[in-house]
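Below is one structure; the comments refer to it alone.
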Amino acid sequence: MLRSLRVRHLAILDDVHVEFGRGLHVLTGETGAGKSLLVGALGLAVGERADASLVRTGQPRAAVEAVFELRPGSAAARWLDARGLALEDGLLIVRRELLASGGSRVFLNDSPLTVAALRELGDLLVELHGQHEHQSLLAPERHLELLDTFGGLDETVARVAAACAAVHRAREALGALRARACERDAVAQRLRRVVE
């Protein structure tokens, strides 16, 4: 669970600190107030692509710090354990610094980490959705799945997939048998020549 988010020198945000408790949180405000920047800052904290132009003018760096409370045994806690990274009192502090000169640095509880590893961990910590992302009708790769589900064909799709896999395995087995038959015929021909 996200406990707090602190953003410093990111675009129009000078120093913002937001605490989160349990339950639903809603960010409201006028256009240009910085709501999208807060969501973007959280994205940076979980490994999304960074851009040096986000650093506030006149500042050498911007920083985003997110504090997460992790349950023991959660996927994120297991990910950390597997890499020898320890939690402090069940809290994970992710700090990402964007340098005005380009590049960024990542720290987990003050231990350095790569952005790629942060992105991997971030997928276990937060799921961010933007406007219209919920509209899977707009994604052509989902059309067949949606149509099958709408038609109540999930069981049929599973049976057809199993049948296709069985046909594929049978074709591979037939190919192997044909190859062995060709080898057998070649050996038989060689032996006939030797005998003659």
Side-chain angles (χ1 to χ4, degrees), residues 1-71 74-88 90-142 145:
M1 178 179 96
L2 179 63
R3 296 298 299 268
S4 69
L5 181 67
R6 183 167 186 193
V7 184
R8 285 174 293 187
H9 310 305
L10 187 72
I12 63 168
L13 303 177
D14 185 34
D15 191 353
V16 175
H17 186 241
V18 182
E19 296 282 333
F20 299 95
R22 299 206 179 278
L24 175 69
H25 294 272
V26 178
L27 300 174
T28 63
E30 296 178 17
T31 301
K35 301 177 300 291
S36 295
L37 279 173
L38 280 176
V39 173
L42 180 58
L44 290 172
V46 294
E48 286 188 2
R49 188 174 206 75
D51 184 353
S53 68
L54 290 173
V55 178
R56 189 178 173 121
T57 304
Q59 298 296 328
R61 72 177 49 88
V64 176
E65 186 176 280
V67 178
F68 296 93
E69 181 181 333
L70 301 182
R71 289 185 331 272
S74 67
R78 288 192 312 269
W79 188 94
L80 293 166
D81 287 340
R83 285 152 187 82
L85 298 167
L87 291 173
E88 295 176 15
L91 296 179
L92 172 66
I93 301 170
V94 178
R95 190 174 80 246
R96 184 158 183 198
E97 297 177 352
L98 305 181
L99 306 176
S101 58
S104 69
R105 298 185 303 187
V106 176
F107 300 92
L108 288 184
N109 290 349
D110 291 325
S111 295
L113 190 73
T114 66
V115 174
L118 176 61
R119 194 172 304 118
E120 191 178 314
L121 174 62
D123 287 341
L124 303 173
L125 293 171
V126 172
E127 189 169 330
L128 291 174
H129 293 279
Q131 200 172 24
H132 303 299
E133 277 187 58
H134 64 285
Q135 295 178 355
S136 53
L137 286 174
L138 301 177
E141 63 275 8
R142 299 270 332 270
E145 176 191 346

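Keep in mind that this is a model prediction, so the values were computed, not measured. Position 1 is the first residue of the sequence, and the numbers go up from there.
- Proximity of Asp51 to Leu98: side-chain heavy atoms (C-beta onward) are nowhere separated by under 4.5 Å.
- The CG atom of Leu70 sits 10.0 Å away from the CG atom of Leu124 when rounded to the nearest 0.5 Å.
- In this structure, Glu48 does not pair ionically with Arg96, as no charged nitrogen and carboxylate oxygen lie closer than 4.0 Å.
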Discussion item. Between Thr114 and Val106, does the side chain to side chain contact (heavy atoms under 4.5 Å, CB included) criterion hold? Intermediate values first, please.
Written reply: CA-CA 6 Å; Thr114 66; Val106 176; over 6 Å; no
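- Closest approach of Ala76 and Leu121 over heavy atoms only: CB-CD1, 4.0 Å.
- Side-chain contact check for Phe68 versus Val94: some heavy-atom pair is nearer than 4.5 Å.
- With a 6.0 Å radius and a threshold of 12 heavy atoms from other residues, nucleotides or ligands, Arg95 has its CZ atom above the threshold.
- Residues passing the salt bridge (charged side-chain N to carboxylate O under 4.0 Å, His left out) test with Arg105, sequence neighbours excluded: Glu97.
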Worksheet item: Given the rule in the side chain to side chain contact (heavy atoms under 4.5 Å, CB included) test, do Glu120 and Trp79 qualify, once you have shown the distances and angles that lead to the verdict?
Response: CA-CA 9 Å; Glu120 191 178 314; Trp79 188 94; 2.7 Å; yes
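- Residues Arg61 and His9 are not in side-chain contact: their nearest non-hydrogen atoms beyond the backbone lie 4.5 Å or more apart.
- One distance of note links CD of Gln59 with CG of Leu10; it measures 11.5 Å at 0.5 Å rounding.
- Salt bridge status for Arg6 with Glu19: absent, with no side-chain N to carboxylate O gap under 4.0 Å.
- When side chains are defined from C-beta on, Val46 does not count as touching Arg119, because their heavy atoms never get closer than 4.5 Å.
- Considering every non-hydrogen atom in both Leu2 and Ala66, the closest pair reads CD1-CB, 4.0 Å.
- Qualifying ring-ring contact (aromatic ring centres under 6.0 Å, His included) partners for Phe20, counting only residues two or more places apart in sequence or in other chains: His25.
- Phe107 contributes atom CZ, which lies 10.0 Å from atom CG of Leu113 (distance to the nearest 0.5 angstrom).
- Interatomic distance, Leu13 CG to Leu37 CG, rounded to the nearest 0.5 Å: 5.0 Å.
- For the atom pair CZ (Arg83) and OG (Ser111), the distance works out to 14.0 Å, reported to the nearest 0.5 Å.
- Using a 4.5 Å heavy-atom cutoff, the side chains of Val7 and Val18 are not in contact.
- Here the closest heavy-atom approach between residue Val115 and residue Gly47 is recorded as CG1-O, 4.0 Å.
- In this structure the side chain of Pro60 never reaches within 4.5 angstrom of the side chain of Leu99, judged on heavy atoms.
- Going from atom OG of Ser104 over to atom CG of Leu118 covers 8.5 Å, rounded to the nearest 0.5 Å.
- For Ile93, the side chain to side chain contact (heavy atoms under 4.5 Å, CB included) criterion is met by Glu65, Val67, Asn109, not counting sequence neighbours.
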